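One structure is given below, encoded as structure tokens.
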Amino acid sequence: MNKIQIAGKEFEILLENDQISKRTRLIAIQIDVDYESRCPVFIGVLNGGFIFMADLLKEINVSCEVGFIKVSSYVGTESTGKVKEIFGLPGDLHNRDVIVVEDIVDTGLTLSYILTEIHKQNPSSVTVCTLLLKPDALTTKIEELEYVGFEIANEFVVGYGLDYDGLGRNLKDVYRAKTVVIP
Ligand code: 5GP
């Protein structure tokens with residue numbers, strides 16, 4: 001299906017599942033090489049990252065541990081603006097090799113916050129593996145960004161774990177919002 005509608009909004013195909021699977025296998029091979037004889041802790045970021053995390057982990061052969069975190073943001077009462085909170089972060093990351101698995105990095109603010117919290121535990125190493133990256137939207141440099149599936153334009157995408165208004169996470173492929181052409 002090249003075009004779909006979700007909650008009245010039109011989307012068109014951007015990445016087919018087959019492309020995603022091939023790229024995921026290559027990333028997994030790279031991670032296997034980089035982490036040979038180590039036992040990394042993979043930390044998936046919910047909700048969007050659940051499908052990529054599962055597909056990636058099925059291709060990983062090194063011995064590893066797996067966990068998930070969820071980041072919530074709420075508006076602060078004073079001038080703090082958006083305050084974020086992480087749920088489920090393991091407390092025993094000291095001296096561990098951590099790999100954070102994300103669905104998409106947009107501005108990078110969520111990821112920066114997650115990384116700051118992880119570094120507080122003095123892990124041996126921290127890297128990030130993201131399926132999608134919007135380089136033009138990044139507002140902060142993220143040194144840990146080691147494994148990137150696809151760089152995409154600064155547009156809204158849905159499917160393969162990512163939602164639009166809570167819907168579309170179950171789609172096998174990734175779709176982008178159709179831009180409205182003004183005549
Ligand atoms: P950031 O903090 O990098 O700006 O945003 C990260 C989060 O915003 C992602 O984990 C994801 O939940 C959401 N997000 C950013 N861009 C998109 C997008 O194009 N589509 C969807 N569905 N979510 C997005």
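Both counts, for ligands and for their atoms, begin at 1 and track the order of listing. None of these values were measured; they are calculated from a predicted model.
Taking Lys141 as the reference, nothing meets the salt bridge (Lys or Arg N to Asp or Glu O under 4.0 Å) condition, with sequence neighbours excluded.
Considering only heavy atoms from C-beta on, Ile86 comes within 4.5 Å of Tyr113 through its side chain. No side-chain heavy atom of Leu132 sits less than 4.5 Å from a side-chain heavy atom of Asp103.
Applying the salt bridge (charged side-chain N to carboxylate O under 4.0 Å, His left out) definition to pairs two or more places apart or across chains, those involving residues 119-133 are Glu117-Lys120.
The neighbour count for Gln5 CD, taken as heavy atoms of other residues, nucleotides or ligands under 6.0 Å away, is above 12.
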I'd like a table of donor-acceptor pairs (distance under 3.5 Å, sequence neighbours excluded) in which one partner is a side-chain atom from residues 157-168, with atom names and distances.
from, atom 1, to, atom 2, distance (Å)
Tyr160, OH, Asp55, OD2, 2.6
Asp163, OD1, Arg169, NH2, 3.4
Asp163, OD2, Gly166, N, 2.7

Give every pair formed by an N or O atom of ligand 1 and a protein N or O atom closer than 3.5 Å, one pair per line with both atom names and the distance to 0.1 Å, or write none.
from, atom 1, to, atom 2, distance (Å)
ligand 1, 2 (O), Thr107, OG1, 3.4
ligand 1, 2 (O), Thr110, N, 2.9
ligand 1, 2 (O), Thr110, OG1, 2.5
ligand 1, 3 (O), Asp106, N, 2.9
ligand 1, 3 (O), Thr107, N, 3.1
ligand 1, 3 (O), Gly108, N, 2.8
ligand 1, 4 (O), Thr107, N, 2.9
ligand 1, 4 (O), Thr107, OG1, 2.5
ligand 1, 10 (O), Asp103, OD1, 3.3
ligand 1, 16 (N), Lys134, NZ, 3.2
ligand 1, 19 (O), Lys134, NZ, 2.8
ligand 1, 19 (O), Val157, N, 2.9
ligand 1, 20 (N), Val157, O, 2.7
ligand 1, 22 (N), Val157, O, 3.1
ligand 1, 22 (N), Asp163, O, 2.7

